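Residues take their numbers from the sequence shown, with the count starting at 1. The structure presented is a predicted model; accordingly, all values stated were derived computationally and were not measured.
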Amino acid sequence: MKTAKQLSQVHPGYSEYAYRWDYYMRSYMGAEEYRDGAYLRKYIAEDQAPGNQYQQRLIDTALQNHVRQTVDAYRSFLFRNPPSRTLGKLSEDPFTRNFLENADLDNTTLNDFMREVNDMVTIYGGCWVGVDRPAYQVDTVAQEIAEGIRSYVTLYSPTNVRDWCYKRKVNGQKVLDYIKVVDESHHDYDVLRCWHEDMVEVYKVAKGATEYSGSNLSDTANIKDSLVIDYGEILEYNEYVNPLGYIPFIHVQTDKSFHKGVGTSAVGDVCDLQREIYNLTSELYQTIRISSAPSIVAEPAAEITGGAGAIITIPETTTNVPYLLQPTGASVDGILKSIEQKVGAIDDLTHLTAIKAKKGAQSGVSLQIEKEMLNAKLADTAGVLESTERKIWKMWFNWQGIEPDDNFYIAYEKKFDLRDKHQELSLFDKAAKAVPHDSFLHYMHQEIARLLVTDEGDLQEILDNMAEDHKAMDIQTPNIGNE
């Protein structure tokens, strides 16, 4: 049994990346969550001014959420075609069918669960997936079906996995030796679950203060800052045997970082550029606002009324005449150009320039290269998701005591059609007019059919009919050269 001090300890990677994970998720969620992060740069003494001008500026500044746009675009490509699953004899198994329809016991299908995994990996750079089974014992399979007792999968964000440790086996493979996760988080207590190879410990512990020993992101946080979590009294403790003999958790990531168990976010740089655009948008709003309503410098005794044609009354003894402070507005164009440049940088980072159809932005060759780079990135992510689901099934089979047959297979789509159909149709039309030969036209018609018809059965039928018609036309047309 661990002490409260041991439960408060976190992995060095968690301590280093915790503030970044919060920043990435707020950047994706936007709205109030992003505003609460206070990512606008403060002016000197701005938060001390009457009415708290900094808070008002947070309210006035709108967010262009490029992070959400990027994550949603990647997901739309990856899951445009659902994963292919060949279950073999397990297709008739009630537990397997129920797992596909309700993977996490929260009415989330396995497809939707894998979408959540993809989103979390894209935002955070990695996440943890665990497979567990209720410890409740029954006598028959019928009772298990009636009670819904089966293995299920759980998705943990990096912020909910506080500590972990790997060990190296005799064959050189690194496997999890320990992991501590937050199963439930309440206002005054947390429920922690500590997994070992032979046992599982469950703690209900009173929650204390959680804070950074250094600065925060708004004040330029650095890797020397550390997270301090303070747990108090242990309210409840329970333990049970881990029958698998290993820890049923996997860390999902696409890009590695300095710590094993921590990934590198695919949208981290997008978050930074989005924050710059957010600050420039605030500067743009302030510039336009001040230009429309300039500041007035006057004696304290002066009586000033607002609005067009305002009259300012000053005492006769006043020596200084009131005057206006008004910017020229020339900086507006500079701010707009800077925002445009950063939006272009986001498109380059995410390889989404090609699908945003910005005319004249790039040549045809450059756009094709962008499409290929995006396709390669999506294919890598699809490979990671496919490998993750196979590992999930393996752990699920171990919990259920099931041995799949040789026909069991999982496959994710790894080729993503990024073709511009309108551009290709235009090219086919020009080619047909340039080479009006029957054989060439027949080939063009086949290519157009392949471009427009998505159903393979319908496409094959159309191609067969076109081939028969072309053959019949060749028979009817005499060969002049052999006469």
Side-chain angles (χ1 to χ4, degrees), residues 15-70 123-124 159 209-229 265 267-298 300 304 306 324-346 349:
S15 178
E16 179 179 334
Y17 284 82
Y19 79 91
R20 304 187 197 181
W21 292 331
D22 180 72
Y23 168 53
Y24 295 156
M25 180 51 72
R26 288 182 184 274
S27 298
Y28 170 75
M29 298 179 72
E32 294 293 338
E33 286 74 14
Y34 196 79
R35 187 176 296 119
D36 291 343
Y39 299 124
L40 284 180
R41 179 67 63 180
K42 290 182 181 179
Y43 301 141
I44 297 176
E46 183 182 17
D47 53 351
Q48 301 174 5
N52 195 341
Q53 295 301 311
Y54 179 71
Q55 186 63 33
Q56 185 61 46
R57 197 155 59 92
L58 286 173
I59 296 174
D60 292 339
T61 306
L63 173 68
Q64 301 178 37
N65 201 327
H66 296 276
V67 176
R68 178 179 287 274
Q69 184 183 37
T70 301
I123 296 168
Y124 290 115
T159 56
T210 300
E211 60 183 8
Y212 291 100
S213 63
S215 57
N216 55 43
L217 188 66
S218 299
D219 299 322
T220 316
N222 55 68
I223 60 175
K224 296 181 180 179
D225 299 335
S226 61
L227 183 69
V228 179
I229 297 176
S265 172
V267 295
D269 294 329
V270 179
C271 292
D272 292 338
L273 286 168
Q274 176 176 285
R275 182 159 53 95
E276 290 186 27
I277 294 173
Y278 184 59
N279 276 271
L280 286 172
T281 303
S282 177
E283 296 295 333
L284 180 64
Y285 176 81
Q286 294 296 314
T287 301
I288 296 174
R289 183 168 173 265
I290 294 174
S291 299
S292 303
S295 301
I296 299 176
V297 179
I304 302 173
L324 300 178
L325 288 179
Q326 183 177 14
T328 62
S331 59
V332 171
D333 290 339
I335 295 174
L336 289 174
K337 289 180 180 179
S338 181
I339 291 176
E340 183 179 355
Q341 183 269 333
K342 295 183 188 305
V343 172
I346 290 175
L349 280 172

Measure from the ring center of Tyr124 to the ring center of Tyr17 and say whether it is less than 6.0 Å. no

So do Arg57 and Leu40 actually touch side chain to side chain, heavy atoms under 4.5 Å? yes

Under a 4.5 Å cut-off applied to non-hydrogen side-chain atoms, are Tyr24 and Val267 in contact? no

With no hydrogens and no angle check, is any side-chain donor or acceptor of Tyr23 less than 3.5 Å from a backbone partner on Tyr39?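 Here the side-chain-to-backbone pair does not exist.
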
Partner residues of Glu33 under the salt bridge (Lys or Arg N to Asp or Glu O under 4.0 Å) criterion, sequence neighbours left out: none

Set of residues satisfying salt bridge (Lys or Arg N to Asp or Glu O under 4.0 Å) with respect to Arg68, sequence neighbours excluded: none

Inter-residue atom distance [X].[atom1] - [Y].[atom2], 0.5 Å rounding:
X: Ile339; Y: Glu276; atom1: CD1; atom2: CD; answer: 11.0 Å
X: Leu58; Y: Leu63; atom1: CG; atom2: CG; answer: 11.5 Å
X: Thr159; Y: Asp22; atom1: OG1; atom2: CG; answer: 8.5 Å
X: Met25; Y: Ser265; atom1: CE; atom2: OG; answer: 10.0 Å
X: Leu336; Y: Thr281; atom1: CG; atom2: OG1; answer: 9.0 Å
X: Leu349; Y: Asp269; atom1: CG; atom2: CG; answer: 5.5 Å

Salt bridge check: are Lys337 and Glu340 linked by an N-O gap of less than 4.0 Å?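 Looking at Lys337 and Glu340, the cut-off is not met.
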
Quick one: do Asp272 and Arg275 make a salt bridge, cutoff under 4.0 Å?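 A salt bridge links Asp272 with Arg275.
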
Can you name the closest pair of heavy atoms from [X] and [Y] and give their distance?
X: Thr287; Y: Ser331; value: CG2-OG, 3.5 Å
X: Gln274; Y: Tyr34; value: NE2-CE1, 3.9 Å
X: Ser338; Y: Leu280; value: OG-CD1, 3.3 Å
X: Val67; Y: Ser27; value: CB-O, 3.8 Å

State whether the number of non-hydrogen atoms from other residues, nucleotides or ligands found under 6.0 Å of Ile59 atom CD1 is greater than 12.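 Correct, the count exceeds 12.
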
Go through the steps for Thr61 and Tyr285 under the test side chain to side chain contact (heavy atoms under 4.5 Å, CB included), then give the verdict. CA-CA 8 Å; Thr61 306; Tyr285 176 81; 5.8 Å; no

The criterion is side chain to side chain donor-acceptor pair (under 3.5 Å); which residues satisfy it with Glu283, sequence neighbours excluded?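 Side chain to side chain donor-acceptor pair (under 3.5 Å) list for Glu283, sorted by chain: Tyr43.
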
